[in-house]
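Everything on this sheet refers to the single structure shown next.
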Protein chains: 2
Amino acid sequence: MTVKEKQTEEKIFEAATDVFIRKGKDGARMKEIADLAGINKALLHYYFRTKERLFNAVFEQIAEVMLRKLAPVFDEKLPLEEKIRFFFREHIAFLQQNPGLPGFILNEVNRNPERIRKLMDNINPGALWSTLIEKHSEEMKNYNITENRLPQIMTSMAAMSIFPFAARSVLEVMFEKAGVDFNTYTEERKEFAADFVIKALKK
Amino acid sequence: MTVKEKQTEEKIFEAATDVFIRKGKDGARMKEIADLAGINKALLHYYFRTKERLFNAVFEQIAEVMLRKLAPVFDEKLPLEEKIRFFFREHIAFLQQNPGLPGFILNEVNRNPERIRKLMDNINPGALWSTLIEKHSEEMKNYNITENRLPQIMTSMAAMSIFPFAARSVLEVMFEKAGVDFNTYTEERKEFAADFVIKALKK
DNA sequence: GTCTATAGAAGGATAGAC
DNA sequence: GTCTATCCTTCTATAGAC
């Protein structure tokens, strides 16, 4: 009973995740999700009531996974440079496995900013950044990192790793014509981005 | 006659642009476009036949504007550093006026990569980059810029200016809690991004 | 819990009058 | 060229049998 439920619900959830990421909330069709899950449309409603609820469940799980993937960066006890390298290595590796997530999240959040507001309720970026500064106060002397520059710096790091995936199809077409392979590019990017940022920040 | 036509078609086109950018192709409703244009649904079909055609017209115009905005960067006869500063100043200024465009374009292109393929038919990035290198061959000696690094470098520059707008709602919520104003941030970004990139590239 | 059948609503598109 | 009325398809959602 519960086992069977879990199996079906799980299948639906996975199919929904797939379809929502590819088609977006508005473009997704309950029928396609049902087909992909190998079950009937009516079952979707049995388990999740409405498309809206199903989407919310999927979105929240994805957002949570992404946030959880970022947390270690702030916790790890590493020298600053190693932390930057660690971030790009881990984050880009994650995106290589989930290349569709950035575009999905950014789009759905832009269409409905309330989603991100709910997610961020427990997080105060300002406080997070302050403790980051304190942790590395000694090292900081060698870098152009000050609290008032942190918004620019943090968004630049996010941009360096996330943008290539959010703009994936554009880059793929451009690279194709220039004889560059996207996978090779992302693999090289782990080190390039780290070097780039460290060089830019060093005094 | 032609004047009236132009007026109405123009009104429809502008309304469609607005709605498509805010809601996306799938989320947009012909009714909403008609209302915003102050006319009747049937007129939309009279002028543009189908939603698909109306969307294509809007998309192509927007994409063309964006590409046209980038071209000068390659043409301008400026020293390399000035060119980089010129790019961020101009490009971010354009995005400040059109903050919704990056998210719109990236999303619609991801959903239908054929769109970008058509757009890029006349452009060979590889060739573009080669001439860029040749133009600045002397200056290059002072920078870590080589042809094989250009994909990484160019995408990093694009990322630095485009990402904040593509992720605008996320940043706005984060900044809000950290007491940072998004408009101030984008204004400062013109110079920050230029300094950041130049520093990262200098030998 | 899962299916078939269908209700009910919405949205794109067209016919036809003016 | 513009409007009203309406068709027709598609999609979400539910009823009801098993």
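Throughout, protein chains are lettered first and strands after them, A, B, ... in sequence-line order, and every chain is numbered starting at 1.
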Which part of the nucleic acid, if any, lies within contact of Ala34(A), taking any heavy atom under 4.0 Å across all strands shown: a base, the sugar-phosphate backbone alone, or nothing? nothing
Determine: side-chain N/O of Arg29(B) to OP1/OP2 of dG12(C), distance under 4.0 Å, yes or no. yes
Lys51(A) NZ - dC11(D) C1' separation (whole Å): 8 Å
Round to the nearest Å and state the distance from Asn40(B) atom CG to dG16(C) atom C1'. 13 Å
Take atom CD in Glu139(A); do more than 12 heavy atoms of anything else shown fall under 6.0 Å from it? yes
Using the side chain to side chain contact (heavy atoms under 4.5 Å, CB included) definition, which of the options Glu147(B), Met154(B), Glu134(B) pairs with Trp129(B)? Met154(B)
Any side-chain N or O of His45(B) under 4.0 Å from OP1/OP2 of dT14(C)? no
Nearest whole Å is fine: how far is dA10(C) P from Glu32(B) CD? 15 Å
Using a cut-off of strictly less than 4.0 Å, decide whether Thr8(A) has a side-chain nitrogen or oxygen near OP1 or OP2 of dG1(C). no
Whole-Å distance between dG11(C) P and Asp35(B) CG? 12 Å
Measure CZ/Phe48(A) against P/dT14(D) and give the value in whole Å, please. 15 Å
note: Arg53(A), atom CZ; dT12(D), atom C1'; distance rounded to Å ~ 14 Å
Under 3.5 Å, which donor-acceptor pairs link side chains of residues 90-106 of chain B to any protein atom two or more places apart or in another chain?
from     : atom 1 : to        : atom 2 : distance (Å)
His91(B) : ND1    : Ser161(B) : OG     : 2.8
Gln96(B) : OE1    : Lys190(B) : NZ     : 3.1
Gln96(B) : NE2    : Thr186(B) : OG1    : 3.1
Gln96(B) : NE2    : Glu187(B) : OE1    : 3.1
Asn98(B) : ND2    : Phe94(B)  : O      : 2.9

Taking atom NZ of Lys199(B) as the centre, does the number of heavy atoms from other residues, nucleotides or ligands within less than 6.0 Å exceed 12? yes
Once you round it to whole Å, what is the distance between C1' of dT14(D) and CG of Leu44(A)? 13 Å
Counting just side-chain N and O atoms, does Thr50(A) come under 4.0 Å of either OP1 or OP2 of dT12(D)? no
Per atom distances to the Ile39(B) side chain, the nearest of dT2(D), dT2(C), dC3(D) is dC3(D)
Listed nucleotide nearest any side-chain atom of Leu43(A), set dG12(C), dT12(D), dG1(C): dG1(C)
Could you check which of dT2(D), dA15(C), dT12(D) has an atom nearest any side-chain atom of Ala42(B)? dA15(C)
Distance test, side-chain N/O of Lys31(B) to OP1/OP2 of dG11(C), below 4.0 Å: no
In this structure, how many angstroms lie between the C1' atom of dA5(C) and the OH atom of Tyr46(A), rounded? 19 Å
Within the structure, does a side-chain N or O atom of Tyr47(A) lie under 4.0 Å from either OP1 or OP2 of dT2(C)? yes
Quiz question: going by heavy-atom distance under 3.5 Å, is there a donor-acceptor pair between the base of dG12(C) and the side chain of Lys41(B)? yes
Is Lys23(A) paired with Asp26(B) through a side-chain N to carboxylate O contact shorter than 4.0 Å? no
